[in-house]
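Heads up: the structure comes next, in structure tokens.
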Amino acid sequence: MAQNKRDYYEVLGIDKSADQDTIKKAYRTLAKKYHPDINKSEDAVEKFKEVQEAYEILSDENKKSLYDRYGHAGVDPQANGGFGAGGFGGANGFNFGEFDMGDIFSSFFGGRGASQGARRTSPMQGEDKYLQMEIDFLEAAFGCKKVIALNVDERCNECKGTGAKNGTEFETCPDCHGHGSVRTQQRTMFGVFETTTTCPKCNGKGKVIKTKCDACHGEGYNRRKVNVDVNVPAGINSGQQLRIAGKGERGINGGPNGDLYIEILVSNHKHFTRKGTDIYVTIPISYVDAVLGCKIDVPTIHGDVSVEVPSGIQNAQQLRIKGKGIKDLRSNSIGDEYIILDIKVPTKLSKDEKELYKKLKGIEEKQGDSIFAKFKKAFKLK
């Protein structure tokens, strides 16, 4: 029931003062978020329907006007006359006899039917489509080209999307006589209500095809399976989108197709971790190399780089290799690679190694307190 529905502005997360551009932007964001092809949560379908319903009302200036005045009851076809109890034909028991609700709305809101008719016959762009594409770490770092197969409804070139042979052969709809709407009567305890609905034969266009186009059989479009090249730029990250123009849902009344938006998902690498344009990699070195220092060949996405490890370096300390990270999409600058050193302490020693470590321990004891002894002194109570 209408009273259980959430406020449409709340559903889209916008203010009542929002303009149509803001409404459309909010709808696109939420439609992508809750689209069942993308969002697999249990409530995604219901939320997607809720967003669609809110957008359907708020994107239509006349429906929006009704909703702003009367709330859900103003746009709910199940309500009494669209206004609920106490409104027209409500609990007050007024009997208006035979009247056309469309005429009443028109007198209040300035010719609603005419504006809807114009929208039905004018070309409109189709809805956008959303997909996800997974690529690996190095493909995201250096860019790649992918080919995806799509079923696309392309506008018929023969009839220019009209569905009529030669694009001109139409005749007045015999059911609505060109009005685009038909009237029906319903008898109630309050009188006879006459309502106006979209003509089902011509879908509100007021005209029907006289001779169907041979190429598309009157549909105005042809469904084709096409291979689409997707150029993935170097430096792209998870969550970013690529736009493929004209590969979305088909247009209306010969209008252009919507666009296809592809959300990129970058898979994790076994060794490299990305933070912005910087790359982090953990490199193991021995206890001896950490004490004495050494030179190591460090792997980067651009190839191995020789790095000097200074003597006495500590565990988890970082070294930077400049310019060996990932390209920035906007500035084309390249990030750095950071080496995180993991100093390994041996768990098994040979007899000779044990003797050497005992000698080192003896030298340490002669020089004074051990590292642990110095640490303990810090906790000595005064």
Side-chain angles (χ1 to χ4, degrees), residues 1-79 82 84 105 109-110 112 115-116 118-120 122-133 150 152-153 198 204 230 236-253 255-266 329-330:
M1 296 179 65
Q3 58 263 34
N4 295 327
K5 292 183 180 180
R6 282 205 299 156
D7 179 77
Y8 288 145
Y9 292 100
E10 179 185 342
V11 170
L12 296 183
I14 56 177
D15 296 329
K16 287 191 175 182
S17 59
D19 57 19
Q20 286 299 322
D21 287 340
T22 303
I23 294 172
K24 186 174 184 179
K25 183 178 180 180
Y27 163 72
R28 286 189 171 186
T29 300
L30 294 172
K32 180 181 78 69
K33 180 178 179 181
Y34 295 117
H35 197 287
D37 291 341
I38 298 175
N39 193 323
K40 301 303 181 183
S41 60
E42 294 182 358
D43 60 347
V45 173
E46 290 303 318
K47 288 186 176 180
F48 183 74
K49 290 179 179 179
E50 187 180 43
V51 169
Q52 292 274 36
E53 180 180 327
Y55 179 68
E56 180 185 353
I57 298 301
L58 299 184
S59 63
D60 185 310
E61 291 292 353
N62 294 293
K63 291 180 181 178
K64 182 175 181 294
S65 179
L66 283 172
Y67 180 72
D68 288 344
R69 285 173 169 80
Y70 304 104
H72 289 292
V75 293
D76 185 0
Q78 302 301 320
F105 286 134
F109 306 118
R112 179 177 180 234
S115 63
Q116 281 191 331
R119 270 198 301 278
R120 293 192 199 102
S122 61
M124 295 177 62
Q125 184 173 357
E127 294 292 328
D128 295 331
K129 187 185 294 185
Y130 298 90
L131 295 177
Q132 287 182 321
M133 176 188 292
L150 291 176
V152 179
D153 294 333
T198 301
V230 181
I236 198 165
N237 210 344
S238 282
Q240 293 182 309
Q241 293 182 347
L242 300 176
R243 173 178 166 269
I244 310 295
K247 299 304 180 184
E249 302 294 347
R250 68 174 181 265
I252 300 171
N253 299 327
N257 281 21
D259 298 329
L260 171 65
Y261 287 87
I262 302 176
E263 181 181 9
I264 298 298
L265 303 176
V266 182
L329 276 175
R330 294 185 178 88

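One-based numbering along the sequence shown. Every value quoted in this text rests on a predicted model; they were computed, and no experiment measured them.
- Remark: the Asp15 side chain and the Ser17 side chain contain no N/O donor-acceptor pair separated by less than 3.5 Å.
- Ion pair Asp68/Lys16 not flagged as a salt bridge, since none of the NZ, NE, NH1 or NH2 atoms sits closer than 4.0 Å to an Asp/Glu carboxylate oxygen.
- A donor-acceptor pair shorter than 3.5 Å can be found between the side chains of Gln20 and Glu61.
- For the residue pair Glu263 / Gln132, a side-chain donor-acceptor distance below 3.5 Å is found, with atom types taken as modelled.
- Counting only heavy atoms from C-beta outward, the side chains of Leu66 and Lys63 never approach each other to under 4.5 Å.
- Using a 4.5 Å cut-off on side-chain heavy atoms (C-beta onward), Gln52 and Tyr34 make no contact.
- Between His35 and Phe48, the ring-plane angle classifies as perpendicular under the 30° and 60° cut-offs.
- Put simply, the side chain of Glu127 does not reach to within 4.5 Å of the side chain of Arg250, judged on heavy atoms.
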Assess the residue pair Ile14 and Ile23 against the criterion (side chain to side chain contact (heavy atoms under 4.5 Å, CB included)); give the C-alpha distance rounded to whole Å, side-chain angles, the decisive distance to 0.1 Å, and a yes or no. CA-CA 7 Å; Ile14 56 177; Ile23 294 172; 3.6 Å; yes
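- Here the CG atom belonging to Leu242 is positioned 11.5 Å from the CG atom belonging to Leu131, to the nearest 0.5 angstrom.
- Taking 4.5 Å as the limit, some side-chain heavy atom of Asp7 sits within range of a side-chain heavy atom of Tyr67.
- Partners of Asp19 by side chain to side chain donor-acceptor pair (under 3.5 Å), not counting sequence neighbours, listed by chain and number: Thr22.
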Verdict with reasoning, Gln240 to Leu329, per side chain to side chain contact (heavy atoms under 4.5 Å, CB included): CA-CA 11 Å; Gln240 293 182 309; Leu329 276 175; 3.4 Å; yes
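- Checked by atom type and distance alone, the side chain of Ser238 pairs as donor or acceptor with a backbone atom of Val266 at under 3.5 Å.
- Residues Met133 and Val230 are in side-chain contact: their nearest non-hydrogen atoms beyond the backbone lie under 4.5 Å apart.
- Counting heavy atoms from C-beta on, the side chains of Val51 and Val11 come closer than 4.5 Å.
- The shortest distance between side-chain heavy atoms of Asp259 and Tyr261 falls below 4.5 Å.
- A distance of 7.0 Å separates CG of Leu30 from NZ of Lys33, quoted to the nearest 0.5 Å.
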Let's go through Arg28 and Asp128 carefully: what are the C-alpha distance in whole Å and the side-chain angles of both, what is the deciding distance for salt bridge (charged side-chain N to carboxylate O under 4.0 Å, His left out) to 0.1 Å, and is it a yes or a no? CA-CA 8 Å; Arg28 286 189 171 186; Asp128 295 331; 3.1 Å; yes
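- Between the side chains of Tyr8 and Glu53, a donor-acceptor pair is found at a separation under 3.5 Å.
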